[in-house]
Amino acid sequence: MMSEDLKREAARSALAEVKPGMRLGLGTGSTAWHFVDLLGIEVAKGFDVLCVPTSEKTAKQASELGIPLTDLEATPELDLTIDGADEIGPGLALIKGGGGALLREKIVAAASGRMIVIADQSKCVDVLGRFPLPVEVNIFGQGATERAIRRVMEDFEAEGDLRPRLTSDGKPFVTDGGHHVVDAFFGRISRPEALSAALLEIAGVVQHGLFLSLCRRAYVAGADGITTLDA
Ligand SMILES: O=C(CO)[C@H](O)[C@H](O)COP(=O)(O)O
């Protein structure tokens with residue numbers, strides 16, 4: 001199966017968890033795109049859900065499909081969030097934010113009773129950190145924030161550097177919240193909880209892409225079908 005087919009199969013498994021009347025968080029990225037697309041087909045047939053998107057991109061896709069949308073002001077508690085991931089590690093610890101939506105993704109996941117991740121097998125790792133960890137930073141004082149992040153990277157024996165994320169035309173990548181993203185190349189993250197705490201201690205760090213103790217289930221699609229991983 002091609003990678004897009006695998007993503008769609010994982011999305012289809014997650015769709016089976018969605019019951020009528022649920023309040024859902026909708027993730028961001030190419031795998032979440034398939035979930036939203038499949039949900040749109042059900043909504044067109046009359047399926048009842050109310051959704052909070054985790055990015056402007058997902059909001060646009062969902063509204064074009066006629067999926068009813070709300071926000072966390074009107075609906076502060078959700079039943080379930082379905083999202084993709086950049087890495088799935090032991091205990092379903094995740095790295096997210098490759099698409100730059102990590103802040104809204106984490107807020108929405110934290111407001112949800114459950115988070116389910118959908119992915120193809122390539123995302124599963126024994127140790128997190130091969131995928132660069134996205135860190136969302138306030139634009140004010142970014143130089144000082146980067147310096148502080150580099151110090152934390154040294155403390156955690158990062159194998160690589162910190163790189164400000166740029167768009168394809170070389171401009172700083174700006175998140176939906178108006179912040180920048182810097183990508184931290186760790187190679188191996190052996191103490192994710194401690195790293196999370198150290199990064200959040202930095203004043204200019206808005207959020208980072210380590211999702212710890214948030215995801216309870218993953219549907220992972222591979223050549224042999226779907227594997228269900230539970231935390
Ligand atoms: O965290 C994300 C966006 O911020 C995505 O979920 C993550 O990057 C995975 O994306 P894809 O399904 O395209 O591989």
Side-chain angles (χ1 to χ4, degrees), residues 1-15 24-39 51-62 80-89 92-112 114-125 128-137 163-168 172-186 189 192 196 199 205-212 214-222 226 229:
M1 256 200 273
M2 302 292 288
S3 160
E4 289 308 309
D5 298 328
L6 293 177
K7 292 176 190 178
R8 201 161 181 90
E9 284 318 301
R12 207 182 296 284
S13 298
L15 189 65
L24 280 187
L26 301 178
T28 295
S30 59
T31 317
W33 183 92
H34 284 288
F35 176 80
V36 175
D37 193 55
L38 290 169
L39 183 66
C51 298
V52 175
T54 54
S55 64
E56 297 302 325
K57 205 167 175 181
T58 297
K60 182 168 183 289
Q61 182 197 3
L80 175 65
T81 283
I82 311 284
D83 204 344
D86 298 300
E87 279 188 347
I88 304 172
L92 300 188
L94 311 173
I95 287 184
K96 286 186 50 56
L102 63 108
L103 176 60
R104 292 190 186 184
E105 288 172 336
K106 200 177 273 189
I107 293 170
V108 170
S112 302
R114 281 177 88 204
M115 178 193 197
I116 294 178
V117 153
I118 49 178
D120 63 66
Q121 225 165 25
S122 67
K123 304 293 182 64
C124 292
V125 296
L128 294 175
R130 192 184 50 198
F131 190 91
L133 179 67
V135 183
E136 185 156 346
V137 296
R163 294 191 204 149
R165 192 180 295 183
L166 302 176
T167 59
S168 51
F173 175 89
V174 180
T175 67
D176 285 343
H179 307 121
H180 286 170
V181 172
V182 291
D183 292 304
F185 288 70
F186 279 92
I189 297 174
S196 166
L199 288 171
V205 167
V206 179
Q207 194 47 263
H208 58 69
L210 282 170
F211 282 49
L212 308 175
L214 277 171
C215 176
R216 310 268 36 117
R217 169 166 285 191
Y219 288 112
V220 178
I226 299 287
L229 304 176

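Both ligands and their constituent atoms are indexed starting at 1 by order of listing.
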| For ligand 1, which atoms have a heavy atom of Gly84 less than 4.0 angstrom away? | 6 (O)
| field | Closest protein heavy atom to atom 2 (C) of ligand 1, given as residue, atom name and distance to 0.1 Å | value | Glu105 OE2, 3.3 Å
| said: Given 3.5 Å as the limit, does a donor-acceptor pair link the side chain of Glu9 with the main chain of Ala221, or not? | reply: no
| Taking distance alone, with no angle check, do Gly29 and ligand 1 share an N/O pair under 3.5 Å? | no
| said: Donor-acceptor check, side chain of Asp176 to backbone of Glu56, threshold 3.5 angstrom: yes or no? | reply: yes
| Which ligand 1 atoms, with their elements, are less than 4.0 angstrom from a heavy-atom of Gly97? | 1 (O), 2 (C), 4 (O)
| Of all the atoms in ligand 1, which lie at a distance below 4.0 Å from a heavy atom belonging to Asp83? | 6 (O)
| query | Under 3.5 Å, side chain of Asp86 to main-chain N/O of Gly98, donor-acceptor pair present? | reply | yes
| query | Which protein heavy atom lies closest to atom 8 (O) of ligand 1, and at what distance to 0.1 Å? | reply | Asp86 OD1, 2.6 Å
| said: How about CZ on Arg130, more than 12 heavy atoms from neighbouring residues, nucleotides or ligands closer than 6.0 Å, or not? | reply: no
| task | Compare every heavy atom of Pro192 with every heavy atom of Leu210, then report the nearest pair and how far apart it is. | result | CD1-O, 3.6 Å
| Side-chain donor or acceptor of Lys123 paired with backbone N/O of Ile118 under 3.5 Å | no
| Is it the side chain, the backbone, both or neither of Ala85 that has a heavy atom closer than 4.0 Å to ligand 1? | backbone
| Quick one: does Trp33's side chain get under 4.5 Å of Arg8's, heavy atoms only? | yes
| task | Decide whether an N or O pair under 3.5 Å exists between Gly99 and ligand 1. | result | yes
| Does Gly100 come within less than 4.0 angstrom of ligand 1, counting non-hydrogen atoms of the residue? | yes
| field | Exam field: side chain Thr54 to backbone Leu26, donor-acceptor pair closer than 3.5 Å | value | yes
| atom 12 (O) of ligand 1: nearest protein contact (heavy atom, Å) | Thr31 OG1, 2.6 Å
| note | Restricting to heavy atoms, the pick from Glu136, Lys96, Arg104 nearest atom 6 (O) of ligand 1 would be Lys96
| Residue, atom name and distance, where the atom is the protein heavy atom closest to atom 11 (P) of ligand 1 | Ser30 OG, 3.3 Å
| Residue, atom name and distance, where the atom is the protein heavy atom closest to atom 14 (O) of ligand 1 | Lys123 NZ, 2.6 Å
| query | Is there a donor-acceptor contact under 3.5 Å from the side chain of Asp83 to the main chain of Ala32? | reply | no
| remark: Nearest non-hydrogen protein atom to atom 5 (C) of ligand 1, with distance, is Thr28 O, 3.2 Å
